[in-house]
Each structure stands twice: as structure tokens, then as C-alpha cells.
Amino acid sequence: MNRDILIVGGGIFGASIAYALARRGLGERVLLLERQQLAGAATSRAAALVTLVRDKPHFIPLVQETRRAIEAMRADFSEDVGLRQVGALYATSTAGAAELDRLAASCGEFGIVSEKLTPDEAIRHSPWLNPAAFDAAVLFPQEAYVEPYLLSTAYSRSAAHLGVRIRLAADVRQICCANDRISGVELRSGEILPADIVINAAGAWAGLLSAELGVPLPMAPVRSQYWITEPDAIFPRQGPIVLLPEIRAYARPEIGALLFGIRESRTAVADPRLLPADLSGFVFDPSDPDGWENLADGAEQLRRYFPAIDRLGIAHYITGPSNYTPDGNLVVGAVDRIAGLFVAAGCNGAGIAVSGGVGRLIAEQITGQACFVDAAPHRVERHGLFDPFAPEFLNLCAAARSRKTSG
Ligand SMILES: Cc1cc2nc3c(=O)[nH]c(=O)nc-3n(C[C@H](O)[C@H](O)[C@H](O)COP(=O)(O)OP(=O)(O)OC[C@H]3O[C@@H](n4cnc5c(N)ncnc54)[C@H](O)[C@@H]3O)c2cc1C
């Protein structure tokens, strides 16, 4: 059988697209190409919040689709992706309470349940929070996190069960086209793989492959990071995810410890041309390799909500690239100028959460089905022609991360 649909990149987007195509009966036509390990780049570094509550409501159906895919893979292939439905607790001052109510009401229209709590009720769920630091709280009990490596490899294993072939050590040098139509890809080994359809799901490197085709992607790899404390008895293992929108912080339980992130006011962004294929030794900002300056910047605000931070040590620091876009939308869909070319990138730090929706959206576009959501906000060519490597553009993308307040 001729594998005429090639997916470049075996991270969570490539894997979920392979699965969605295979569910539609196209598995035998799909070849997934990965140059390193499946789920070894941004995907395995994620905090893996699969949160439905979003300040952009059009992301919600994409996350709901991920939850459906997790359920379908459990039922069909006994895949356990480590889903922990622990709920999410939002806490805010009186000044932010109306905004939180508005968020709960808009999410309610999508069937997302919420419950108002007093600060004293809230700290029964999260005893590490200081009740004097906030006046209003809302619990969203359906919220969850997963094991990102397990979810990504569940998609690729399920896709393989349904006929998709996966090829490792396949380093794509370029996506090839002739007369504005896809003709295949060329590997670094010189091998040519002919194809009618190519899906560029190469994560932080997707922009490099696209730029060579004259299709700049409106995104840049921005440093995402979080810290994990030492274990301590104040962190219940089944405690909820906590979101503190006023200080742009989030936290979740992590095996008796607390995983937390603060969306820093100064973000580090990389020129994609300088990103190595192997991220293990990569440092975004040599002057602040472990993000300590960012942590120090936010420490005072964090201490107000989380006083125990002063006595607890930090056991781990995790960092990696997320592709942020100036408008906060994804970069997903068909490229109008080149027939047969599709892109799935621009995750804005939500690629694990929206993975199922992205897979479905691309599969529907390839099979010509009506899309289950409006694809327009995520259009690949929405910014027209521009220089995706110009410092001003990279800074616009970094600023998008600094503004983010939901999961
Ligand atoms: C610290 C951190 C925390 C995060 N927290 C969350 C969170 O809580 N919730 C959430 O939803 N998201 C989170 N994210 C974002 C999430 O990790 C990403 O959105 C997601 O992993 C993107 O998946 P991807 O498949 O696009 O990219 P990747 O996982 O990076 O995969 C891209 C793949 O393409 C391969 N590739 C690249 N170029 C080529 C080539 N030329 N040939 C062949 N293969 C190639 C790479 O080797 C790689 O395996 C976080 C990210 C980070 C870094």
C-alpha cells in the first residue's frame, strides 16, 4: 500500500493526527516520521493540564475532544494515560471575583460545572493555600491532568493498531512541492518519500520547514517552565489543580509534592534557527538557566498565597519550548497556497489539552468533512507574509505567554 499521507513529527500533535486519520479509515495510507524519539521533545516536558476552562471559549471544544479521545482509547485499546480528574480551584481577590463569575458562566454554556467556595472551604481542598490571600474561589470539578508521554504514545500506539506506520530516525530535510502542490519529503539521508499530503507537525521546528516553502508560521518557541517542590505532608495527593489568575500562577499535585508555574512578566524566546534537534542541553537564557530570576520576580506574590514556599526546597526545574502566537490562537489547518500541505503547530502552551481537537480538525479537513469547530481563528496564513525570525516578531510571541491567565 502506498503511504501517501506523511506526518512530520512524532510529538503529541503528530500522534493525535495519525490517530484521528486512522479512526476515519485512512490508517493504511499514513506514515508518521520522527527523527528522534516519539514524544521526546516538548510533549514529555509538559505540566499536562488538560483543562477545559479557557479564557478563549473556542478552545473548549478542542479540549473536550481530547477527553473523548482518551475515553475512546481506553475503551478500544485499554490505554491508561494517567488521567487524574482532581478538579481545578480558582482563587482571587474581591477585585477579580466578577471576572471569575463571568468565566464560570461562559464555561457553563459548554457544560462545564462549577461551584463557588469560601476561602475556608477552598483550603480544605488545598491546605497549602493561605485563606487570607483571597476572597473568592470557584471549583471546577471536571478538570484534570494526564501523563503527557502516556497520552502521546497512546495516540501513536492506537494509530498503529489501526494501520499507521511509524518510522524513527527519519529526519526530514525539506518538504517538497512542485507547481504549488505537495510532492513528498526529502530526508537528510537523501531518500525521497513521495506523497500527496504532508502534515507539518514538527513542533518548535515546524516554522523552519514551512519558511523554506515561503509559508511563514505566525509563532515562535517561547520558554515554558515550572518547578516542583520537595514532597511535604501539606500537599494532598488528590488535591485539585490551583489557578491564581491575578498572579498568573498555576499549581497541581505531583506525587506528594507541588508542581507550580508562574507566568513571568519577562519571557525568553528563541530564534527557531538556533534550536538544536536534541533539547536536553538547551538553555533559553544563559544568564538565567534555571529560571531563578523569574521565580525571584514572582516570589513575593507567590508567598502571599503559598507561605510554605519559604521553608520548602525546590526538587526539580523543567523547561522547554511552547510555540506562542501573537493572537493566542493555534496554527492549524490547510495551507491555501500549497495543495496537500497542512500544519499543526502554535500550541500556546496548550498542546496536550487541545491535542484531540487538533487531530480531529486536521483529519476532517483532509477527508473533506465539515469541521466540528470554526477553523478560521487558527488559519495558518492569517498574518500574510512577514519575517518569522525578526526579533520584533519573536517578542510579540513572547508577550502572548506573559498575558496568559488560564490553564
Ligand atoms: C514546561 C512546559 C509545560 C507545559 N505545560 C503544558 C500543560 O500543562 N498543558 C498543555 O496542554 N500543554 C503544555 N505544554 C505545551 C505542550 O508540551 C506542547 O503544546 C505540545 O507538547 C506540543 O506538541 P508538538 O507535537 O507540537 O511538539 P513536540 O512534542 O515538540 O513534537 C515535535 C516533534 O517533531 C520532531 N521533529 C522536528 N523536526 C523534525 C524533522 N525535520 N524531521 C522529523 N521529525 C522532526 C521532533 O523531534 C519532535 O519529536 C507545556 C510545554 C512546556 C515546555
Side-chain angles (χ1 to χ4, degrees), residues 6-18 32-52 54 59 62-63 66 143-146 148-149 151-152 155-156 166-175 185-189 193 198-210 212 217 219 221-228 241 243 250-252 259-261 263 272 275-279 282 284 291 316-324 330-332 343-359 401 404 406-407:
L6 304 180
I7 302 173
V8 184
I12 201 159
F13 277 179
S16 68
I17 293 163
L32 175 64
L33 302 168
E34 169 55 51
R35 65 181 172 190
Q36 300 227 312
Q37 298 154 22
L38 293 179
T43 296
S44 57
R45 289 165 168 78
L49 309 185
V50 184
T51 40
L52 297 155
R54 297 273 148 191
F59 273 52
L62 300 170
V63 187
T66 304
E143 295 292 50
Y145 61 92
V146 294
Y149 180 81
L151 175 54
S152 190
Y155 283 128
S156 41
I166 297 172
R167 186 163 158 188
L168 300 179
D171 190 351
V172 174
R173 186 206 305 272
Q174 62 171 333
I175 298 170
V185 305
E186 181 192 351
L187 303 185
R188 264 183 213 285
S189 61
L193 302 175
V198 171
I199 302 138
N200 178 0
W205 302 270
L208 300 178
L209 291 170
S210 282
E212 287 194 14
L217 300 186
M219 61 181 212
V222 172
R223 174 167 71 178
S224 295
Q225 57 188 358
Y226 55 83
W227 297 263
I228 303 174
I241 298 162
L243 276 298
Y250 69 92
R252 71 160 171 83
L259 177 162
F260 69 95
R263 299 247 164 64
L275 267 190
D278 178 356
L279 292 174
F282 180 70
F284 268 91
H316 302 284
Y317 169 68
I318 310 289
T319 183
S322 283
N323 288 315
Y324 278 80
L330 308 171
V331 181
V332 168
V343 176
C347 68
N348 285 282
I352 309 301
V354 299
S355 56
V358 167
R401 175 173 165 85
K404 192 173 163 182
S406 65

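Order of appearance sets the numbers: ligands from 1, and atoms from 1 within every ligand. The analysis underlying the following values was restricted to heavy atoms, covering all of them including side chains, and did not include hydrogens, waters or symmetry mates.
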- Query: Is a donor on one side and an acceptor on the other found under 3.5 Å between the side chain of Q225 and the backbone of G261?
  - Reply: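 Not at all, since once roles are kept as given, no pair shorter than 3.5 Å links the two residues.
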Answer yes or no: does an N/O atom from [X] fall short of 3.5 Å to an N/O atom of ligand 1?
{"X": "A39", "result": "no"}
{"X": "I12", "result": "yes"}
{"X": "A42", "result": "yes"}
{"X": "T43", "result": "yes"}
{"X": "A48", "result": "yes"}
{"X": "I352", "result": "yes"}
{"X": "G40", "result": "no"}
{"X": "G349", "result": "yes"}
{"X": "S224", "result": "no"}
{"X": "V172", "result": "yes"}

Nearest to [atom] by heavy atom, [options]: which?
{"atom": "atom 5 (N) of ligand 1", "options": "C347, A206, A47, A345", "value": "A47"}
{"atom": "atom 43 (C) of ligand 1", "options": "A170, A169, S152", "value": "A170"}
{"atom": "atom 32 (C) of ligand 1", "options": "A277, G203, G261, S355", "value": "G203"}

- Message: Counting C-beta onward and ignoring hydrogens, is there a side-chain heavy-atom pair between L187 and R167 closer than 4.5 Å?
- Response: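 They are in contact (side-chain heavy atoms under 4.5 Å apart), so the answer is yes.
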- Does a side-chain heavy-atom distance below 4.5 Å link T43 with I352? yes
- Message: Does the Lys NZ or Arg CZ of R54 fall within the cation-pi geometry relative to F59 - under 6.0 Å from the ring centre and within 45° of the axis?
- Response: no
- Rounded to the nearest 0.5 Å, how far apart are OH of Y155 and CG of L32? 14.0 Å
- Message: Nearest 0.5 Å, please: how far is CG in L38 from OG in S44?
- Response: 11.0 Å
- What is the minimum heavy-atom distance between S210 and N200, and which atoms define it?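 So the minimum-distance heavy-atom pair works out to OG-ND2, 3.0 Å.
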- Query: Looking only at heavy atoms, what is the nearest atom pair of A39 and Y149, with distance?
  - Reply: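 So the two residues come closest at CB-CD1, 3.7 Å.
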- Query: At a non-hydrogen distance cut-off of under 4.0 Å, which region of Y145 contacts ligand 1 (side chain, backbone, both, or neither)?
  - Reply: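 Within the 4.0 Å criterion, Y145 makes no contact with ligand 1.
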- At under 4.0 Å between heavy atoms, which part of F13 makes contact with ligand 1: side chain, backbone, both or neither? both
- Task: Taking only heavy atoms of G11 into account, list the atoms of ligand 1 that are under 4.0 Å away from them.
- Result: 25 (O), 29 (O), 31 (O), 33 (C)
- Item | Per-atom contacts, ligand 1 versus R45 - under 4.0 Å to a heavy atom | 1 (C), 2 (C), 3 (C)
- Item | L330, I12, T66 screened by side chain to side chain contact (heavy atoms under 4.5 Å, CB included) with V358, the one that passes |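 Per the side chain to side chain contact (heavy atoms under 4.5 Å, CB included) rule, the option paired with V358 is L330, out of L330, I12, T66.
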- Query: How about S322 and S224: does a side-chain donor come under 3.5 Å of a side-chain acceptor?
  - Reply: yes
